[in-house]
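The structure under discussion appears below in the form of structure tokens.
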Amino acid sequence: HRIHNLETYIVIQVIIIQPVCMTQSLEYRKACVCFPQHQQRTYDYVLVADKVEDQDHPKFLKQVAFIDHLRKKNMKVTKIVHDDKVFYGVRAPKEIFDKYRYLLKVSDACNWSGDRKSHMKFIDRNKQKVLKQKWARWSALCTTQPVDDVRSYFGEKVALYYLWLGWYTILLVPAAILGVIVFLYALAFFNTSPLIKEVCESDTVMCPRCDKWCQVWQLRDTCTYAKVSHLFDNEGTVAFAMFMAVWATIFLELWKRHKATFVSKWKVFDWCEEEEELILGVVNDPDFHPKEFRHSYLRSTLVLVLVTLMLVLIIGLTQALVVFRVVAAVQLSEGTWEFVRDHANTVAVMLGAVLHYFTMQVMTRVNKAVAFKLCEIEKTQSFAATERSFTVKMFTFQFFTLFSSLIYVAFFLGRINGRPGSYVRISGKWRLEECHPSGCLTDLFIQMAVIMLLKQTLNNIFEFTVPWFKSYFRRTTTKRLERKCGHCYKNACREEEKRGHDPCDICKLRDWLRNYDLNDVNSFSLFNEFLEMVVQFSFTTIFVAAFPLAPLLALINNIFEIRLDAIKMVSLERRLVPKKTNDIGIWTKVLEAIGVLAVIANGLVIGVSSDFIPRLVYRYHYGPCANGEADVHCMKGYINDTLSTAHITDLSVRNDFFPSQLITESGFNVTQCSYKDYRNDVDYSLTSQFWLIMAVRFAFVVLFEHVVVIFKFIAAWFVPDSPMLVKNNRLKDKFSRLKEELQ
């Protein structure tokens with residue numbers, strides 16, 4: 001970078017820090033230090049550079065020129081050399097902060113009414129210690145969050161993240177309770193369900209599930225699988241899916257109200273990040289010229305094409321996972337382990353889910369690099385605009401990475417695999433997977449459960465242990481320096497501090513190194529935390545019809561996630577640059593989009609993936625009750641009704657199987673076998689029942705989505721974005737400021 005760019009960056013960071021600098025200890029490489037009111041403020045920032053011996057080296061000359069530019073702006077710079085690093089303590093003059101405050105006060109968008117007095121009241125306490133005692137410890141697992149203390153130490157942007165995460169966790173409680181009730185409802189009718197009974201007592205011979213090694217099998221062999229399917233594919237999941245779709249809207253509306261209360265109290269209700277960037281530029285350089293808004297159709301087209309190519313690549317990886325599951329199922333069915341051989345398809349789905357998880361970890365890094373590159377091509381007008389653009393692209397890539405495989409399992413698995421005599425094969429060799437006669441929803445549940453459990457558990461373990469171990473091994477350097485400090489730190493330095501002077505170099509360096517050795521952070525560190533939680537929100541709402549226990553898992557995870565992030569930010573990482581804001585930014589729009597997708601996805605899962613509609617049609621059109629039979633359960637005979645028969649005498653059917661596959665365990669040759677589909681037994685054409693069910697499926701999807709969307713609109717209208725108390729307080733505040741300006 002040019003010196004001017006580096007210089008601008010430094011001054012901006014110092015200015016941002018001052019209004020919310022509330023701690024005595026440095027927390028990151030470019031760190032913030034404030035002392036109590038009776039003491040002299042030490043350093044706003046500490047910069048760290050590599051030590052260069054050759055004074056003619058371009059790197060050394062750049063460092064000198066950079067520090068000289070800071071001194072020309074009346075900034076005090078203290079240099080301390082330690083081993084192979086050079087530490088620069090930077091203190092900005094008071095005039096910079098006075099200009100910053102004044103321009104915020106008169107700006108059109110920010111209208112920041114904070115004054116010096118409102119901030120000085122925070123400086124008389126060690127905020128880091130307070131946060132460690134009240135919040136950043138495992139023993140505070142179930143206590144409320146001190147959001148105001150978080151805000152005074154980390155700034156509004158971090159505080160709003162924890163405020164949102166805490167609110168999301170609280171509202172997960174009713175969703176988790178209802179999900180457990182739906183699960184227990186299915187469990188209560190576990191042994192009385194006629195569908196389970198029909199599967200477990202059936203004598204139906206089913207067609208081989210794979211080539212070569214799979215033999216014909218009895219439907220009753222999958223009794224356990226049918227019971228598991230009933231837990232996640234029953235009437236209760238329909239009501240629960242509707243509830244979760246409306247819950248997502250109510251959560252967002254209540255969040256807006258909750259947020260409004262705090263941003264009003266913090267005097268940042270009308271805050272504008274773009275205008276603050278403009279103010280920072282003016283304060284830093286009187287000759288500053290803002291970057292003008294520009295739009296290039298060529299760049300936009302290029303970005304659109306590259307995004308499309310990236311999505312095609314991600315979807316291609318999903319197809320590779322499908323091929324892996326198909327091949328794995330064949331290989332497992334040929335294995336020597338009887339249990340794995342008998343459950344080859346289920347084991348293949350689980351292995352596919354595990355591979356999908358590791359694919360996600362790799363693609364997360366690739367997606368981030370690509371999203372950054374696309375933002376560079378766009379040449380956005382401000383950092384806030386860059387952050388929004390990056391967020392949208394990164395989430396889009398992550399969404400397709402996470403959900404492409406789930407979309408295949410939910411809507412394509414078992415529906416494009418063909419029939420005996422006309423199976424669809426990959427490269428003409430491997431048969432596509434097929435669903436169990438009890439339905440395909442269990443496969444979706446397995447996929448979601450494995451990914452969600454692995455993602456939450458392993459991510460949290462690595463997210464905490466890696467920074468902890470890094471911090472632990474780096475403490476040895478600081479401890480050696482503390483021994484050097486010795487008498488100086490204990491006596492002279494403390495006396496100097498009490499008289500309002502700076503501590504000695506060794507004592508400064510002791511604190512600087514302690515915080516420099518913490519784990520690094522950057523402008524997108526908070527983005528990573530948001531992305532993790534928003535992805536979890538997607539799992540909790542999208543496809544929740546297949547996994548009613550997802551809100552419960554999310555709730556348990558979040559209880560630990562809040563403390564884990566708190567401990568990590570307060571004790572294991574350098575302190576994030578405090579920033580003001582009045583919202584969680586573009587994430588609100590992302591959450592609203594997820595809410596809409598949740599309606600569409602859950603409607604399709606219930607209408608297309610589950611057996612809810614076929615059961616409904618059978619009950620009222622084809623079953624015993626529809627034919628007027630009394631004293632018979634309305635669902636009796638449903639499983640047999642969903643099966644079609646393939647005759648081995650048919651040449652095409654016979655050619656699809658080896659003779660050894662058509663022999664039962666008792667040694668009998670079968671002349672026919674059954675498979676899940678609605679087809680005619682003569683010419684294998686689709687029956688009228690299939691088309692009736694298809695019509696009802698699509699009618700249900702349309703009806704479900706319209707009803708839920710209407711409820712969402714009613715909920716959004718019924719719950720105001722801001723409480724009346726907040727609106728009235730803002731009205732009084734504006735009125736008093738207008739009268740003050742008039743006087």
Side-chain angles (χ1 to χ4, degrees), residues 131-132 134-138 140-176 244 247-263 265-266 268 387 391 394-395 398 452 455-457 459-461 463-464 467 521 524-541 550-573 576 578-579 581-592 594-595:
L131 289 177
K132 283 184 177 179
K134 296 169 58 177
W135 181 55
R137 56 190 177 90
W138 290 114
L141 201 63
C142 297
T143 59
T144 56
Q145 297 192 86
V147 180
D148 289 328
D149 291 331
V150 176
R151 173 245 177 182
S152 66
Y153 184 72
F154 285 112
E156 283 81 356
K157 195 164 189 175
V158 174
L160 282 173
Y161 163 71
Y162 284 105
L163 187 68
W164 175 83
L165 182 55
W167 189 246
Y168 169 45
T169 304
I170 290 171
L171 287 190
L172 274 173
V173 173
M244 288 302 297
W247 174 88
T249 299
I250 295 176
F251 159 70
L252 285 175
E253 295 302 319
L254 292 178
W255 155 245
K256 292 174 185 176
R257 288 174 60 84
H258 190 58
K259 175 207 67 177
T261 303
F262 282 86
V263 298
K265 181 172 69 173
W266 296 338
V268 291
E387 194 173 26
T391 300
M394 183 64 185
F395 178 77
Q398 285 295 92
M452 198 169 181
K455 184 173 176 56
Q456 291 186 163
T457 306
N459 279 14
N460 284 346
I461 291 173
E463 190 178 339
F464 181 77
V521 294
F524 290 93
S525 294
L526 192 62
F527 166 85
N528 297 329
E529 305 298 339
F530 260 119
L531 180 63
E532 181 184 353
M533 288 296 100
V534 172
V535 166
Q536 185 209 80
F537 181 82
S538 304
F539 273 102
T540 307
T541 51
L552 177 64
L553 294 181
L555 174 63
I556 296 171
N557 173 80
N558 288 4
I559 292 173
F560 291 94
E561 180 76 27
I562 292 173
R563 301 305 157 190
L564 188 151
D565 287 346
I567 294 171
K568 188 176 64 175
M569 284 191 183
V570 174
S571 304
L572 301 178
E573 292 181 341
L576 285 166
K579 291 184 180 179
T581 187
N582 64 349
D583 198 2
I584 58 174
I586 195 66
W587 290 114
T588 302
K589 299 294 184 185
V590 172
L591 292 170
E592 289 175 352
I594 292 172

Below 4.5 Å, heavy atoms only, C-beta onward: do [X] and [Y] meet side chain to side chain?
X: Val263; Y: Leu160; answer: yes
X: Lys259; Y: Trp167; answer: no
X: Val158; Y: Tyr153; answer: no
X: Thr143; Y: Arg563; answer: yes
X: Asn557; Y: Met452; answer: no
X: Phe154; Y: Leu131; answer: yes
X: Pro551; Y: Met244; answer: yes

For Glu253, what residues pass the side chain to side chain donor-acceptor pair (under 3.5 Å) criterion, not counting sequence neighbours? none
What's the shortest heavy-atom distance between [X] and [Y], and which atoms?
X: Trp135; Y: Ala140; value: O-CB, 4.0 Å
X: Lys132; Y: Ser571; value: CE-OG, 3.3 Å
X: Ile594; Y: Ser538; value: CD1-OG, 3.2 Å
X: Ala248; Y: Thr541; value: CB-CG2, 4.2 Å
X: Ile559; Y: Leu141; value: O-CD1, 3.6 Å

Answer yes or no: is there a donor N or O on one side and an acceptor on the other, between the side chain of Gln398 and the main chain of Leu531, under 3.5 Å? no
Atom pair [atom1]/[atom2] of [X] and [Y] - distance to nearest 0.5 Å:
X: Gln536; Y: Leu553; atom1: CD; atom2: CG; value: 9.0 Å
X: Ile584; Y: Lys589; atom1: CD1; atom2: NZ; value: 11.5 Å
X: Thr391; Y: Trp587; atom1: OG1; atom2: CH2; value: 5.0 Å
X: Thr540; Y: Leu555; atom1: OG1; atom2: CG; value: 10.0 Å
X: Phe262; Y: Glu156; atom1: CZ; atom2: CD; value: 12.5 Å
X: Glu387; Y: Thr581; atom1: CD; atom2: OG1; value: 8.5 Å

Does Lys265 NZ have over 12 foreign heavy atoms under 6.0 Å away? yes
Show, in sequence, the C-alpha distance, side-chain angles and deciding distance for Lys568 and Asp565, and conclude whether the salt bridge (Lys or Arg N to Asp or Glu O under 4.0 Å) test is met. CA-CA 5 Å; Lys568 188 176 64 175; Asp565 287 346; 3.7 Å; yes
Hey, mind stepping through Val570 and Arg137 against side-chain contact (heavy atoms from CB on, under 4.5 Å) and telling me if it holds? CA-CA 10 Å; Val570 174; Arg137 56 190 177 90; over 6 Å; no
Working for side-chain contact (heavy atoms from CB on, under 4.5 Å), residues Tyr162 and Met569: CA-CA 12 Å; Tyr162 284 105; Met569 284 191 183; 3.2 Å; yes
Given Ile586 and Phe395, is the side-chain contact (heavy atoms from CB on, under 4.5 Å) satisfied, shown in steps? CA-CA 11 Å; Ile586 195 66; Phe395 178 77; over 6 Å; no
Between Asn582 and Trp266: side-chain donor-acceptor atoms closer than 3.5 Å: no
ring-ring contact (aromatic ring centres under 6.0 Å, His included) partner of Phe537, chosen from Trp255, Tyr168, Trp164: Tyr168
On the 0 to 90° scale, with breaks at 30° and 60°, tag the Phe560-Trp138 ring pair as parallel, tilted or perpendicular. tilted
Run the side-chain contact (heavy atoms from CB on, under 4.5 Å) test on Glu529 and Leu165 for me, step by step, so that the C-alpha distance in whole Å, both residues' side-chain angles and the decisive distance to 0.1 Å come before the verdict. CA-CA 10 Å; Glu529 305 298 339; Leu165 182 55; over 6 Å; no
